[in-house]
Structures are given as C-alpha cells and as structure tokens.
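Shown next, in structure tokens, is the structure this report addresses.
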Amino acid sequence: MRRRPSEKVIIVPGYGMAVAGAQHKVWEMAKLLEGAGVEVSFAIYPVAGRMPGHMNVLLAEAGVPYEKIFDLDEINAEFPQTDVALVIGANDVVNPVARTDKTSPIYGMPILDADKARNCIVIKRGRGAGYSGIENALFYADNTSMLYGSAQQTVADVIGQLKELG
C-alpha cells in the first residue's frame with residue numbers, strides 16, 4: 001500500500017494566528033486535509049494568545065469540534081508519531097531550548113513538542129523573538145521549514161495549493 005506523504009498532522013495555533021484572524025482559514029485547511037484522509041488534531045498551549053483559553057475560543061468560533069482540540073499534556077506524546085507539526089504564529093510555546101538550555105529564560109517551561117514531529121512547518125511573518133525576547137531554536141532545526149507570511153494569507157495560499165492537488 002502506498003503511503004500518503006502525510007497521514008497525521010498536528011496544528012499548533014499561536015498568537016500570530018489570533019492576530020491575523022486566521023482561525024476560519026485554518027479550519028478550512030484542516031477539513032481539506034481530513035477529506036484527503038489525513039488525521040488532523042490541534043495542540044493548544046494553555047496560555048497561548050491574550051489569555052488562558054483564547055485559542056480554544058477562537059477554534060470553537062471557527063467550528064473546530066472540541067474532540068479535535070488537545071492541551072499539551074494530552075498531545076505531547078503524539079508528536080514523535082506525527083508526520084507534520086504545523087505551527088501557525090506560535091513562538092515561545094514551541095521553543096525546544098525550554099528543555100535543553102539551562103541558561104535560557106524559558107528553561108523548565110512546559111512546551112508543545114512540535115520539534116519531535118518528523119517534519120515541522122512554521123508559518124510566521126519572520127524569525128523574530130517571542131514574548132521572552134529570545135530566538136526560537138525550532139526555526140533552525142533540520143526538520144523545520146519556514147513558510148513566511150501573515151497567517152491569514154499564507155493559509156489561504158496553502159488551501160489553494162491543496163485544492164489544486166485535488
């Protein structure tokens with residue numbers, strides 16, 4: 001049996017997705033992936049966005065079913081078996097130095113383990129520092145590809161590409 005390029009995708013929405021108002025486009029993209037047989041879930045950091053629960057509210061507003069949304073304790077073990085972690089506008093909450101660099105101001109902070117996926121695609125406007133003011137090592141990892149642009153337009157472009165692929 002021929003394997004699809006990606007069978008399991010975890011989407012990690014962050015503040016950049018919220019600012020861009022891209023939650024509806026993200027859900028549209030997720031539905032297209034599911035229609036192609038891809039298992040899609042959402043990984044939520046408890047305090048991502050402007051307040052605790054902000055990402056949950058935005059995804060619910062877009063129509064994402066609650067059973068597809070998982071917090072970091074529920075989903076972190078899934079990343080190593082995931083084909084693609086799609087990080088949309090998140091920064092510090094996926095920065096692996098929180099686990100590895102004792103000199104980092106975020107060392108010891110729980111993070112979403114997006115870096116442990118086979119592939120990681122990060123949609124951001126640039127490689128700028130997050131709230132902590134430090135660079136994100138994930139952006140430079142061998143398994144990471146950066147897709148630069150505003151979340152709204154970039155996800156719309158990805159949707160167009162997915163539709164072309166059929």
Side-chain angles (χ1 to χ4, degrees), residues 1-46 48-50 53-95 111-128 130 136 138-139 141-166:
M1 183 167 133
R2 196 173 131 223
R3 182 181 155 100
R4 285 185 298 274
S6 295
E7 293 181 356
K8 184 173 182 175
V9 173
I10 297 177
I11 298 172
V12 180
Y15 183 70
M17 184 204 74
V19 169
Q23 63 270 23
H24 295 280
K25 286 290 180 196
V26 170
W27 177 231
E28 181 182 347
M29 176 186 61
K31 290 188 292 187
L32 283 171
L33 290 169
E34 288 181 332
V38 177
E39 177 187 339
V40 177
S41 53
F42 291 80
I44 305 298
Y45 195 81
R50 295 179 188 252
H54 189 204
M55 291 301 124
N56 299 72
V57 170
L58 291 177
L59 294 176
E61 173 188 282
V64 178
Y66 184 73
E67 61 270 8
K68 292 191 174 295
I69 302 171
F70 301 91
D71 68 25
L72 91 158
D73 292 331
E74 297 171 312
I75 203 157
N76 264 350
E78 296 296 315
F79 281 105
Q81 296 83 39
T82 299
D83 296 302
V84 176
L86 178 59
V87 177
I88 305 174
N91 199 330
D92 292 332
V93 301
V94 292
N95 192 338
I111 62 165
L112 290 160
D113 292 338
D115 62 310
K116 294 183 179 181
R118 288 181 194 100
N119 299 285
C120 186
I121 300 171
V122 178
I123 297 175
K124 283 190 58 81
R125 292 189 306 164
R127 284 188 173 157
N136 190 330
L138 175 66
F139 301 166
D142 290 342
N143 66 330
T144 298
S145 298
M146 300 295 292
L147 188 54
Y148 294 111
S150 170
Q152 179 80 255
Q153 185 57 54
T154 303
V155 173
D157 293 344
V158 169
I159 289 169
Q161 293 295 315
L162 288 171
K163 287 180 177 178
E164 281 183 26
L165 292 172

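Position 1 is the first residue of the sequence, and the numbers go up from there.
In terms of heavy atoms, Glu61 sits closest to Gln23 at OE2-NE2, 2.6 Å. Considering every non-hydrogen atom in both Ala151 and Gly16, the closest pair reads CB-O, 4.1 Å. Nearest heavy-atom pair, Phe79 versus Ala43, reported as atom, atom and distance to 0.1 Å: CZ-CB, 4.0 Å. Of all non-hydrogen atoms in Leu112 and Tyr45, the two that sit nearest each other are CD1-N, 3.8 Å. Nearest heavy atom pair, residue Val40 against residue Ile11, reads CG1-CD1, 3.8 Å. Annotation for Ala90 and Phe139: closest pair O-CZ, 4.2 Å, computed over non-hydrogen atoms.
Separation of atoms CG (Asp142) and CG (Asn119) is listed at 11.5 Å; rounding is to 0.5 Å. We find the CZ-NZ distance between Arg118 and Lys8 to be 9.0 Å, quoted to the nearest 0.5 Å. Atom CD1 in Ile111 sits 10.0 Å away from atom CG in Asp92 (nearest 0.5 Å). Residue Ile69 holds its CD1 atom at 4.5 Å from CG of Leu59, rounded to the nearest 0.5 Å. Distance check: Glu39 CD to Leu33 CG gives 12.0 Å after rounding to the nearest 0.5 Å. Of the inter-residue distances, the one linking Met29 atom CE with Glu34 atom CD reads 11.0 Å to the nearest 0.5 angstrom.
Using modelled atom types, no side-chain atom of Asp113 and backbone atom of Glu78 make a donor-acceptor pair closer than 3.5 Å. For Asp115 (side chain) and Leu138 (main-chain N/O), no donor-acceptor pair under 3.5 Å exists by modelled atom type. Listed for the Asn143 side chain is no donor-acceptor partner under 3.5 Å among the backbone atoms of Cys120. In this structure, Asp71 contributes its side chain and Pro46 its backbone to no donor-acceptor pair below 3.5 Å. Remark: side-chain polar atoms of Asp83 are not paired, donor with acceptor, to backbone N or O of Val9 under 3.5 angstrom.
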Practice task
Kindly determine whether Gln153 and Asp157 satisfy side-chain contact (heavy atoms from CB on, under 4.5 Å), including the steps that lead there.
Solution key: CA-CA 6 Å; Gln153 185 57 54; Asp157 293 344; 2.7 Å; yes
Exercise for the section: Go through Val122 and Val94 one step at a time and tell me if the side-chain contact (heavy atoms from CB on, under 4.5 Å) criterion holds. Expected result: CA-CA 10 Å; Val122 178; Val94 292; over 6 Å; no
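Counting heavy atoms from C-beta outward, Leu58 and His54 have side chains that approach closer than 4.5 Å. Between Pro65 and Phe42 there is no side-chain heavy-atom pair separated by less than 4.5 Å.
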